[in-house]
**Q** 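The following block contains the structure, expressed as structure tokens.
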There are 2 protein chains.
Amino acid sequence: MPRKIAIIGLGLMGGSLGLALKRAKPRPRVIGISRSKSKVRNAVRLGIIAEGTTSLASGVRSADLVVIATPVHTVAALVAVIDRLAKPGTVVTDVGSTKSEILKTIHGKKLKNVLFVGSHPMAGSHQTGFAAARANLYKDACVFVIRESAADKRALANVAKLWRSVGGRVETVTARAHDQIAAAISQLPHLVAISLVNSVSSRSLRFAGNGFQDTTRVAQGDPHLWVDIIRTNRRNLVREINKFSRKLVHLAKILKNDQKGKLLAELARAKRIRSRIQKPEK
Amino acid sequence: MPRKIAIIGLGLMGGSLGLALKRAKPRPRVIGISRSKSKVRNAVRLGIIAEGTTSLASGVRSADLVVIATPVHTVAALVAVIDRLAKPGTVVTDVGSTKSEILKTIHGKKLKNVLFVGSHPMAGSHQTGFAAARANLYKDACVFVIRESAADKRALANVAKLWRSVGGRVETVTARAHDQIAAAISQLPHLVAISLVNSVSSRSLRFAGNGFQDTTRVAQGDPHLWVDIIRTNRRNLVREINKFSRKLVHLAKILKNDQKGKLLAELARAKRIRSRIQKPEK
């Protein structure tokens with residue numbers, strides 16, 4: 001387990017990681033890095049991080065492991081900057097929701113000091129900012145670690161250890177497989193929720209109950225974060241939208257023809273599959 | 001407020017109404033009716049109802065108000081049966097999720113004793129059965145009461161009082177308006193969730209996190225209950241599916257063309273609208 005960990009970005013993901021690492025054994029030294037002085041001050045005051053800085057250079061200089069917890073589109077550029085500041089052999093990972101585009105950009109750069117290993121914890125919320133941070137965010141969450149991104153085995157092992165130390169279930173996959181999976185279970189539901197909210201009339205929306213609220217909860221996510229996640233995975237996402245649309249059109253056809261047996265079979269199948277993936281609420 | 005209320009059906013809706021009426025002021029006498037002896041026994045034992053019976057005749061004979069809390073397709077036939085058993089002027093309501101088809105059938109019958117007023121509380125859960133019943137299910141929930149279904153003003157007022165006494169916010173609407181609204185905010189999200197679950201590959205589903213679980217929670221609803229709800233409102237529902245599909249196709253086109261500004265506008269619009277309808281969690 002790395003002894004000194006730098007976390008760049010003190011939002012929901014970075015803040016929760018800071019909180020969770022306070023309980024990790026052995027407990028690493030954690031330094032939080034943010035461009036905002038007040039964020040650093042507040043995160044230290046709230047006990048999310050033990051120490052903090054607004055200087056990337058002083059933050060990453062002595063770190064064994066750097067976690068980039070900033071928006072997807074900033075990751076590749078940050079890796080290049082860290083490479084000029086960190087000591088040789090520094091392991092760097094991230095929490096970005098799409099992986100192929102980040103890796104393509106990073107592979108184009110010749111890194112001298114940094115050993116980069118991509119990660120994506122399937123944890124989060126429509127809430128953002130470290131005010132929403134919680135120590136159990138990563139507990140029992142699936143964390144993807146990207147196999148071919150690992151410069152060496154030690155780097156991969158260290159990143160896997162980091163996530164396991166905060167309760168994550170690590171899955172090593174290729175960037176390609178990761179992006180297909182993320183399109184299906186994260187970005188497709190997001191666009192479906194967006195379309196639901198934007199297609200229903202305001203007269204009807206006044207009466208929305210629990211069901212509508214559950215189905216569209218993710219639509220409250222930060223548009224600026226999501227626009228980059230979605231854009232960097234758009235080929236997979238368009239394919240998933242098409243698959244989903246075919247299913248919905250099929251259901252509409254069953255409805256028009258009033259085929260009770262077929263409709264019941266679709267509902268029963270969905271209930272069976274959905275019940276299987278139900279996880280206990282935190 | 002009616003003094004003696006009979007509830008037919010001791011599932012989530014009927015059971016929760018029984019529990020809630022124990023706190024209503026003035027507290028009415030409540031009798032629960034179910035075909036299942038063990039359900040009646042258990043509901044009395046758990047304090048959901050004060051008294052119960054498996055006999056429709058003895059249950060409704062002396063009631064001032066009868067609430068039918070059984071599946072949609074059973075409502076119209078039950079109203080006709082109750083009309084032969086109840087005293088003249090007995091007010092009868094229901095909790096069915098679609099209204100036009102029930103009313104059409106009931107209007108075809110010549111009722112002698114029953115004054116029927118359709119209701120639809122926008123409360124519920126994917127859970128079913130009185131084991132899931134809770135006293136606050138109707139608290140702050142929107143309850144539709146169907147205006148033109150009311151045989152007279154006193155009947156409409158009594159049904160509205162019933163729902164208000166358990167915390168519901170009563171909205172009087174036409175059956176036509178009700179069914180359009182219910183298609184948009186309840187049945188469309190249901191079919192969307194079904195399509196999501198049934199279109200995503202099992203490899204991807206293994207990794208589903210909170211977002212996917214929220215978006216598809218309603219797909220765990222009872223298929224037999226939902227198949228009738230959906231079938232009895234299929235014209236409105238097909239129209240809503242088409243509206244939704246056009247929105248999703250539009251998003252897919254924006255994605256293909258990588259139009260960042262337009263994508264951001266859609267996400268921001270959805271966040272704004274969705275945040276407005278957010279209700280405090282119970």
**Q** Could you pull out the closest heavy-atom pair between Lys271(A) and Pro223(B), with the gap in Å?
**A**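 The answer is CD-CD, 3.5 Å.
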**Q** CD1 of Ile185(A) to CZ of Phe207(B): how many Å apart, nearest 0.5 Å?
**A** 7.5 Å
**Q** Check the pair Asn210(B), Arg217(A) against side-chain contact (heavy atoms from CB on, under 4.5 Å), reporting the backbone distance first and the verdict last.
**A** CA-CA 10 Å; Asn210(B) 293 342; Arg217(A) 182 156 295 121; over 6 Å; no
**Q** Is any residue of residues 245-265 of chain A within less than 4.5 Å of chain B by heavy atoms, and which ones?
**A** Ser245(A), Lys247(A), Leu248(A), Leu251(A), Ala252(A), Leu255(A), Lys256(A), Asp258(A), Lys260(A), Leu263(A), Leu264(A)
**Q** Once ring-ring contact (aromatic ring centres under 6.0 Å, His included) is applied, do any residues pair with His178(A), and if so which ones, sequence neighbours excluded?
**A** His120(A), Phe144(A)
**Q** Could you tell me the separation between the CD atom of Glu266(B) and the CG atom of Leu191(A), rounded to the nearest 0.5 Å?
**A** 9.5 Å
**Q** OG of Ser199(A) to CZ of Phe244(B): how many Å apart, nearest 0.5 Å?
**A**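 The CZ atom of Phe244(B) is 6.5 Å from OG of Ser199(A), to the nearest 0.5 Å.
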**Q** Near Arg203(B) CZ, under 6.0 Å, is it more than 12 heavy atoms from other residues, nucleotides or ligands?
**A**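 Yes.
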**Q** Using heavy-atom distances under 4.5 Å, tell me whether Asn242(B) contacts chain A through its side chain, its backbone, both, or neither.
**A**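 Contact with chain A is absent: no heavy atom of Asn242(B) under 4.5 Å.
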**Q** When heavy-atom pairs shorter than 4.5 Å are enumerated against chain B, which of Arg272(A), Arg231(A), Lys243(A), Arg276(A) gives the highest number?
**A** Arg231(A)
**Q** May I ask you to name which of Asp228(B), Thr216(B), Leu237(B), Leu205(B) has the most heavy-atom pairs under 4.5 Å with chain A?
**A** Thr216(B)
**Q** Output the option from Gly221(A), Ser275(A), Ser195(A) having the highest count of non-hydrogen pairs under 4.5 Å with chain B.
**A** Ser195(A)
**Q** Hey, which of Leu196(A), Ile241(A), Val238(A) has the most heavy atom pairs under 4.5 Å with chain B?
**A** Leu196(A)
**Q** Where does Val218(B) contact chain A at under 4.5 Å (heavy atoms): side chain, backbone, both or neither?
**A**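 Side chain of Val218(B) only, per the 4.5 Å heavy-atom cut-off to chain A.
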**Q** Using residues 166-177 of chain B as the side-chain source, report each donor-acceptor pair under 3.5 Å to any protein atom, sequence neighbours left out, with the distance given to one decimal.
**A**
| from | atom 1 | to | atom 2 | distance (Å) |
| --- | --- | --- | --- | --- |
| Arg169(B) | NE | Asp140(B) | O | 3.2 |
| Arg169(B) | NH2 | Asp140(B) | O | 3.3 |
| Thr174(B) | OG1 | Ala177(B) | N | 3.0 |

**Q** Can you name the residues that form a salt bridge (Lys or Arg N to Asp or Glu O under 4.0 Å) with Asp222(B), not counting sequence neighbours?
**A** none
**Q** If every non-hydrogen atom of Ile194(A) is compared with every non-hydrogen atom of Leu267(B), which pair is closest and at what distance?
**A** CD1-CD2, 3.4 Å
**Q** Looking at CD1 of Ile181(A) and CZ of Arg206(B), how far apart are the two atoms once the value is rounded to the nearest 0.5 Å?
**A**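 The CD1 atom of Ile181(A) sits 7.5 Å away from the CZ atom of Arg206(B).
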**Q** Looking only at heavy atoms, what is the nearest atom pair of Val197(B) and Ala270(A), with distance?
**A** CG1-O, 3.6 Å
**Q** Look at Ala219(B), Cys142(B), Gly209(B) and state which one has the largest set of heavy-atom pairs under 4.5 Å with chain A.
**A** Ala219(B)
**Q** Quick one: pull up CD1 in Ile273(B) and CD in Gln220(A) and give me the separation to the nearest 0.5 Å.
**A** 12.0 Å
**Q** I need the minimum non-hydrogen distance between Pro189(A) and Thr215(B), along with the two atoms involved.
**A** CB-OG1, 3.9 Å
**Q** In Å, rounded to the nearest 0.5 Å, how long is the span from CE of Met122(B) to CZ of Phe212(A)?
**A**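 Interatomic distance, Met122(B) CE to Phe212(A) CZ, rounded to 0.5 Å: 10.0 Å.
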**Q** Among Gly211(A), Ala182(A), Ala208(A), Ser201(A), which residue forms the greatest number of heavy-atom pairs with chain B at distances under 4.5 Å?
**A** Ala208(A)
